[in-house]
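Note sheet for the following structure.
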Number of protein chains: 2
Amino acid sequence: MGTGAAVMDNLSMRISARADYAVRAALELAAAGEDTSLKAEAIAEAQGIPHKFLEGILGDLRRGGLVISQRGGKGGYRLARPADSIPIADVIRVADGPLVSVRGVRPPDLSYIGPAESLLPLWIAVRANVRKILGEVTLAHVAAAKLPDDVLSLADDPEAWTNP
Amino acid sequence: MGTGAAVMDNLSMRISARADYAVRAALELAAAGEDTSLKAEAIAEAQGIPHKFLEGILGDLRRGGLVISQRGGKGGYRLARPADSIPIADVIRVADGPLVSVRGVRPPDLSYIGPAESLLPLWIAVRANVRKILGEVTLAHVAAAKLPDDVLSLADDPEAWTNP
DNA sequence: AGATTTCCTATCGAATTACTAGGGAAGTGT
DNA sequence: ACACTTCCCTAGTAATTCGATAGGAAATCT
């Protein structure tokens with residue numbers, strides 16, 4: 001579980017508890033295999049996620065078509081597709097909902113004037129780049145601890161781990 | 001304005017009003033030139049930013065060493081350094097805090113277990129990527145509407161402007 | 001002095017986030 | 001039929017954050 005500084009945050013890019021929990025739950029399912037069902041309680045236990053909170057998130061994953069559920073004694077959740085066909089981006093999107101915004105306004109609706117005119121293409125570029133990574137890396141990659149080389153090389157740069 | 005996709009859905013990437021306003025104010029100063037002072041009210045007017053709100057943001061930029069202020073009749077704000085030596089990342093960080101966070105915690109302070117172990121390097125890679133762009137593009141680039149080629153090519157990909 | 005403009009503190013409502021509570025619906029084994 | 005399990009749904013809530021506003025003190029110019 002993530003223990004550490006309870007500092008302020010929230011800047012240009014932030015991954016919410018919901019998104020983080022959703023990905024970790026999906027990874028647990030990926031590790032169990034496409035044909036094995038896990039109960040919400042077991043996932044919550046394994047990843048240290050509040051169980052009732054997780055239930056809501058798993059509901060989102062189900063409605064998003066990423067996960068299949070079954071109730072009753074032998075019930076639980078399992079992945080709807082092979083883990084190598086589910087990018088991390090999908091999980092985050094389904095759990096966290098529509099959420100690309102500048103000041104709560106969607107980019108196409110922004111009007112920048114004067115010297116700020118080129119700001120929009122910049123935001124778009126950043127977003128495209130983030131999506132390139134999270135759309136390329138799948139649950140299978142992370143669960144097997146085998147990230148694609150280009151992603152790994154980004155993370156290997158020592159400067160990437162420093163503060164600001 | 002381009003009314004392209006109505007739902008610019010996607011990953012949890014959000015630029016706060018504070019960060020957006022801070023960058024736009026800095027761009028206005030960049031356009032004015034390093035030696036020209038602009039009054040907060042003038043910047044607020046030019047960019048359509050609530051003037052009292054902007055005052056607080058400019059205070060942050062000053063404390064962050066990006067801007068120099070002068071009070072009194074001929075006072076105002078001006079850049080502390082040449083516009084081509086101030087990356088957008090610096091402005092956002094100073095105005096809004098760290099650039100990327102997971103659940104309010106900065107990536108290096110997270111700890112993951114089980115199949116989620118490789119999540120940390122993934123977040124680090126994403127963060128490094130965001131930093132690469134926003135650390136490369138300066139106020140001068142945006143104010144002159146001349147983004148670096150590699151950034152421009154990312155934004156030019158039509159798919160970058162569409163939905164999931 | 002008098003006008004101007006930054007600077008500081010304090011407050012506010014609305015929204016969002018991360019969770020909690022309780023109970024009903026659907027499925028399973030005896 | 002019955003008990004038990006597990007998902008499913010709706011509400012609520014405490015804490016924080018966000019965007020914005022107000023009033024006035026301190027500095028600087030003419």
Side-chain angles (χ1 to χ4, degrees), chain A residues 1-3 5-12 14-22 24-25 29 36-45 47-64 67-78 80 92 95-99 101-105, chain B residues 12 14-22 24-25 29 36-45 47-64 66-78 80 92 95-98 101-105:
Chain A
M1 208 177 104
T3 53
V7 213
M8 74 312 176
D9 60 302
N10 190 324
L11 299 329
S12 74
R14 143 167 226 249
I15 288 145
S16 65
R18 252 189 116 70
D20 187 51
Y21 291 162
R24 282 157 63 192
L29 293 175
T36 311
S37 281
L38 295 183
K39 305 181 208 316
E41 178 64 46
I43 301 173
E45 183 90 6
Q47 285 293 326
I49 302 171
H51 149 251
K52 275 299 206 177
F53 191 34
L54 178 61
E55 265 192 8
I57 294 168
L58 286 168
D60 287 337
L61 296 185
R62 177 181 52 86
R63 278 182 289 273
V67 145
I68 291 172
S69 66
Q70 171 118 3
R71 358 191 187 191
K74 238 194 135 201
Y77 296 88
R78 67 183 197 278
I92 295 181
D96 231 4
L99 231 153
S101 63
V102 178
R103 247 164 50 240
V105 180
Chain B
S12 47
R14 151 172 199 224
I15 289 142
S16 67
R18 255 190 112 68
D20 187 51
Y21 291 163
R24 281 157 62 192
L29 293 176
T36 311
S37 281
L38 295 184
K39 305 182 207 318
E41 179 64 46
I43 301 174
E45 183 88 6
Q47 286 293 326
I49 303 172
H51 143 255
K52 275 299 208 178
F53 191 34
L54 178 62
E55 266 190 10
I57 294 168
L58 287 168
D60 287 339
L61 296 184
R62 177 180 53 85
R63 278 183 288 274
L66 295 181
V67 145
I68 291 174
S69 66
Q70 172 125 1
R71 358 190 188 191
K74 256 199 145 72
Y77 297 88
R78 67 183 196 275
I92 295 181
D96 228 6
S101 70
V102 179
R103 261 174 28 248
V105 178

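Chain letters run A, B, ... following the sequence lines, proteins first, then strands; residues in each count from 1.
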Rounded to whole angstrom units, what separation is found between the CZ atom of B:Arg18 and the P atom of D:dT17?
-> 13 Å
Can you tell me how far C1' of D:dC7 sits from CD1 of A:Ile43, to the nearest Å?
-> 12 Å
Interatomic distance, B:Ile57 CD1 vs D:dG19 C1' [rounded to whole Å] | 9 Å
Atom-pair distance (CD on A:Glu41; P on C:dT20), nearest Å = 12 Å
Could you list all N or O pairs between the protein and nucleotides 9-15 of chain C that sit under 3.5 Å apart?
none

Would one find a side-chain N or O of B:Arg78 under 4.0 angstrom from OP1 or OP2 of C:dT6?
-> no
Distance in angstrom units between A:His51 NE2 and C:dA21 C1', rounded = 12 Å
Whole Å only: how far is the CZ atom of A:Arg62 from the P atom of C:dA26?
-> 12 Å
Using a cut-off of 4.0 Å on non-hydrogen atoms, how would the nucleic acid contact of A:Gly56 be classed: base, sugar-phosphate, or nothing?
-> nothing
Search all heavy atoms of A:Ile15 against all heavy atoms of A:Asp20 and return the closest pair with its distance.
-> CG2-N, 4.1 Å
Can you name the nearest heavy-atom pair linking B:Ile57 to B:Tyr21, along with the distance?
-> CD1-CB, 3.7 Å
Does OP1 or OP2 of D:dG19 have a side-chain N or O of B:Tyr21 closer than 4.0 Å?
-> no
Which atoms form the tightest heavy-atom contact between B:Ala40 and B:Leu54, and what is the distance?
-> O-CD2, 3.6 Å
Can you tell me how far P of D:dT6 sits from CD of A:Glu45, to the nearest Å?
-> 13 Å
Does B:Ser69 make a side-chain N or O approach to OP1 or OP2 of C:dC7 shorter than 4.0 Å?
-> yes
Closest non-hydrogen atom pair between B:Leu61 and B:Ala22, with its separation | CD1-O, 4.2 Å
Atom of B:Tyr77, atom of B:Leu29 and distance for their closest heavy-atom approach | O-CD2, 3.2 Å
Counting side-chain heavy atoms from C-beta on, which of D:dG19, C:dC7, C:dT5 comes nearest to B:Lys39?
-> C:dT5
Atom-to-atom span, CG of A:Asp60 to P of D:dC7 - whole angstrom = 15 Å
Report the nucleotide, chosen from C:dA18, C:dC7, D:dG19, that has the shortest atom-to-atom distance to any side-chain atom of B:Tyr77.
-> C:dC7
Under 3.5 Å, side chain of B:Arg18 to main-chain N/O of B:Ala95, donor-acceptor pair present?
-> yes
Write down the atom of B:Arg24, the atom of B:Ile49, and the distance for their closest heavy-atom approach.
-> NH2-CG1, 4.2 Å
Under 3.5 Å between N/O atoms: give me all the protein pairs with nucleotides 24-30 of chain D, atom names plus distance.
from   : atom 1 : to      : atom 2 : distance (Å)
D:dG24 : O6     : B:Lys52 : NZ     : 3.3
D:dA26 : N3     : B:Arg71 : NH1    : 3.3
D:dA27 : O4'    : B:Arg71 : NE     : 3.3
D:dT28 : O4'    : B:Arg71 : O      : 3.4
D:dC29 : OP1    : B:Gln70 : NE2    : 3.0

Beyond-backbone contact of A:Asp60 with A:Arg63, side-chain heavy atoms, under 4.5 angstrom = yes
For the pair A:Arg62 (side chain) and A:Ser69 (backbone), establish whether a donor and an acceptor sit closer than 3.5 Å, ignoring hydrogens and angles.
-> no
